[in-house]
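Here is the naming used below: chain letters follow the sequence lines, and residue numbers restart at 1 for every chain. Note that these values count all heavy atoms, side chains included, but never hydrogens, waters or copies made by symmetry.
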Amino acid sequence: MLRTALRNVLAHKARLLMTVLAVMLGVAFVAGTLVFTNTISDAYQKSSQKGYEGVDVAITPDKKDDDSANPGDAPRLSQRLLDQAAKSPGAASAFGVVKGSSALADKKGDLLGSGFSNLAGNYYPGADGKDPRYTMTEGRAPKAAGEVALDSKTAERGHYKAGDSIRVSVDGPVRTEKVVGVFTTDDGTVAAGGTLALYDTATAQKLFGKPGQFDEIDVKAAAGTSQSTLKSSIDKILPEQAKATTAKKLAKDQAKVIEEGMSSMQTAMLVFAGIALFVGIFIIVNTFSMLVAQRTRELALMRAVGATRRQVTRSVLIEATVVGAVAAVVGLAAGVGIGAVLRSALNSTGANVPDGPLIVAPTTVLASVVVGVVVTVLSAWLPGRRAAKIPPVAAMNSVHAAPTTRGLVVRNTIGAILAAAGIALVVAGAGMGGDGEGPMAFGAAVLVIGVFVLTPLLSRPLIAAAGPVLRIFGMPGKLARQNAVRNPRRTAATASALMVGLTLITGMTVIAGSMQKGIDKMAADGLRSDYVVSMGGGSGGSGRPLSPEVSKTLAKLPEVTTISPLRSSPARVAGDSDSLTGVDPKAIKDLVKVDFTEGSFAALGAPRPSSTTRSPTRTTGRSAPPSR
Amino acid sequence: MTTMPLGVKTTAHSTGAAARATDLSKVYGEGETQVIALDSVSVEFRQAEFTAIMGPSGSGKSTLMHCMAGLDTISSGSARIGDVELTTLKDKKLTQLRRDKIGFIFQAFNLLPTLNALENITLPMDIAGRKADQAWLDQVVATVGLAGRLKHRPNQLSGGQQQRVAVARALAGQPEIIFADEPTGNLDSRSGAEVLGFLRNSVRELGQTIVMVTHDPVAASYSDRVVFLADGRIVDELRSPTADSVLDRMKRFDAKGRTS
């Protein structure tokens with residue numbers, strides 16, 4: 001039996017190619033997704049671990065969530081704490097970290113690393129004159145105001161080398177600094193395509209408005225002291241709004257964040273893999289149905305000479321297993337390729353993925369093979385059952401009578417009931433307003449299934465409608481029409497594969513289109529200004545204010561009619577933490593549209609506190625670097 | 001699988017019945033479209049005898065064979081292979097009976113195109129998961145003259161060679177009875193004579209029981225006994241037939257058909 005099945009696979013290679021392709025695509029999607037996400041996640045984790053290599057305990061400002069008495073951020077860490085930490089028992093050394101952001105311009109004046117984080121920090125030389133976080137590869141570390149060091153990837157992208165001058169914007173007017181060195185770093189943000197500029201500590205503190213203060217203090221343990229021992233000795237000297245964390249925990253937390261970020265991406269990609277497999281099922285069912293129909297006499301002969309129904313079904317399933325396994329292995333290989341291509345594609349868009357090996361986890365291999373084989377075998381099960389029902393007499397008749405077409409009455413009835421129920425649910429849901437979403441979604445799904453069941457019934461009028469077009473082709477067109485009408489079930493099965501694909505594509509396009517339109521409408525309703533100018537540079541920079549000069553310079557432009565600066569500040573309003581936005585009371589009513597439930601803009605600017613309104617501008621991310 | 005011994009070996013011209021039909025009827029369709037293919041047929045096929053079933057087209061000869069061989073269902077009456085009543089068997093048991101006790105030779109499409117000659121010959125045994133009796137297999141292969149062609153696929157064999165493979169397959173399992181449905185229908189007379197010779201020899205020398213459906217008087221002349229069927233009924237029987245005596249008998253059917 002096994003031999004017969006295997007020979008059949010070989011004998012129908014060309015026909016089975018379709019099935020192999022269908023399964024392969026689905027499996028390749030699955031394997032590609034798993035390989036890609038595993039590789040990226042592994043690379044990020046390794047790089048984040050490397051980033052904590054020189055650190056054992058990190059001290060950071062800490063604000064309790066329920067601390068409503070002190071709105072805003074916790075105070076930064078003092079030089080005194082740094083000195084204390086360095087001297088605390090078990091500590092070998094401590095260095096202070098200043099974080100900020102600097103927009104760097106390339107030689108044409110465009111922002112480097114556009115769309116990603118533009119970070120800045122301090123070079124904190126230790127006892128040996130070196131900062132363990134950064135390795136200088138060219139030139140030297142910055143030592144005085146006016147000097148800056150760049151990370152190697154940014155330097156390469158902007159074609160900068162030691163000795164060049166570079167235009168830098170922190171806030172206020174553009175500064176021109178001298179590049180004194182280039183360094184490499186394991187910082188994850190930089191690895192992901194951000195830029196990092198380093199100043200000497202004093203300059204960094206001055207630039208970022210934090211003289212004598214640090215954002216983080218990293219402490220290195222003395223030889224023989226564990227991270228947790230060091231942490232407990234540091235805990236004793238901590239001020240109220242600060243906390244110490246071991247590097248192990250930091251790395252673990254970061255790994256968790258990376259994993260979470262990856263898993264949502266993985267889910268989204270696996271959904272597409274699922275759709276590919278779902279469409280593939282129809283192709284597999286069709287191919288195997290064709291094979292079974294084509295081999296009616298062979299199968300009948302097998303039945304006549306003594307193969308049981310179960311054996312016939314099994315032989316079809318063995319064929320499916322072989323096809324599925326071949327497709328899964330090829331798909332796995334293709335998936336590994338997809339993973340590699342995706343990574344290099346991501347690299348070429350500027351988002352640099354940290355280097356690392358391509359990860360093909362055992363679970364990836366297992367999942368791919370299982371998915372490929374199971375989907376193929378399950379899909380072939382129905383045709384296999386049909387094969388078993390072929391009567392042995394079918395081998396005898398030289399002219400095999402066409403299988404009696406089973407009535408479509410049952411199928412049409414089920415389809416009609418499903419479709420009617422679906423329509424009823426959708427209509428009912430539409431009438432219910434906001435609460436009707438559930439019934440509507442369920443109704444839509446039921447309706448779609450109903451239409452699928454009804455496809456054989458619908459095929460007749462639809463093919464008849466296509467008649468005039470087919471008539472152009474003369475006799476071949478007539479034959480095509482009659483062939484399509486002759487077996488509505490077969491026509492429906494073929495059409496279903498295409499229908500699923502088109503349904504999904506149309507559905508997604510409509511959803512995406514509606515959402516886009518909704519967002520556009522919301523933005524257009526809320527925002528009347530033509531431009532929003534904000535600080536460039538993603539997570540590192542968006543929170544920082546623009547220099548007051550920017551507003552004044554813009555206001556002087558002849559093209560500008562109305563301008564209002566905006567400034568947000570954390571606040572405590574009636575016991576709750578909230579955010580206050582300061583605006584130009586005269587200009588703002590022309591720039592944003594706010595629906596007042598009470599009062600109006602007219603009250604703004606009057607010498608008394610006014611109502612709080614959240615500015616909608618913050619969510620519409622049209623940003624431009626201030627340097628232009 | 002089976003409780004009975006394989007391949008009943010008896011001396012030539014034994015009088016025991018290998019298969020028997022009693023009041024066997026087969027009706028297709030219902031109501032006005034009802035067709036009675038077999039009408040209370042009672043017939044016996046004796047062991048180690050070569051029986052030919054003849055009759056005009058539509059006389060029910062193929063249907064009789066299908067019902068006797070467990071390939072088709074029976075409307076009423078009884079059909080037995082040896083002591084086994086077919087009407088009481090479920091599909092699985094019936095399949096096993098065909099596999100273990102019955103050999104088949106069809107007019108065309110006897111072989112699986114993807115298997116070579118040897119694999120086709122041992123197919124029923126492979127399905128059963130049994131090893132073939134090598135000595136017997138060698139003898140059968142030598143008898144039908146296929147020794148040099150065992151590795152060939154059916155499409156590499158001539159029509160006569162393909163039918164010889166089918167004969168070998170039927171004989172290899174040493175079944176209680178072999179049913180052959182127009183085995184020489186698609187062959188030229190020389191290849192046909194060869195195949196019929198093998199069938200007759202297997203009855204004479206090996207004690208095999210064979211039932212053959214044919215409309216060719218020459219083919220029927222190789223048999224020991226000819227059973228004539230018309231309109232679903234057994235109408236006559238002829239022992240030790242010759243081609244001429246069979247032809248004469250057939251002519252009478254034609255004449256009767258024309259006058260009635």
Region of B:I102 in contact with chain A, defined by heavy-atom distances below 4.5 Å: neither
Mind checking whether A:L301 and B:F106 have side chains closer than 4.5 Å, heavy atoms only? yes
Spacing of CG belonging to B:D91 relative to NZ belonging to A:K389, to within rounding of 0.5 Å: 12.0 Å
Between OG1 on residue A:T308 and CZ on residue B:R98, distance to nearest 0.5 Å: 10.0 Å
Residue pair B:I127 / A:M302: nearest heavy atoms and the distance that separates them: CD1-O, 4.1 Å
For A:R295, is it the side chain, the backbone, both, or neither that has a heavy atom closer than 4.5 Å to a heavy atom of chain B? neither
Around B:R153, counting heavy atoms of other residues, nucleotides and ligands shown, do more than 12 lie under 6.0 Å from its CZ? yes
Side chain, backbone, both or neither of B:E119 within contact of chain A (heavy atoms, under 4.5 Å): both
For atom CG of B:D231, is the number of surrounding heavy atoms from other residues, nucleotides or ligands below 6.0 Å larger than 12? no
Could you give the distance from CG (B:L71) to CZ (A:R303), rounded to the nearest 0.5 Å? 9.5 Å
Among B:G185, B:S62, B:P113, which has the most heavy-atom pairs under 4.5 Å with chain A? B:P113
Heavy-atom neighbours of B:H215 NE2 exceed 12 at 6.0 Å: no
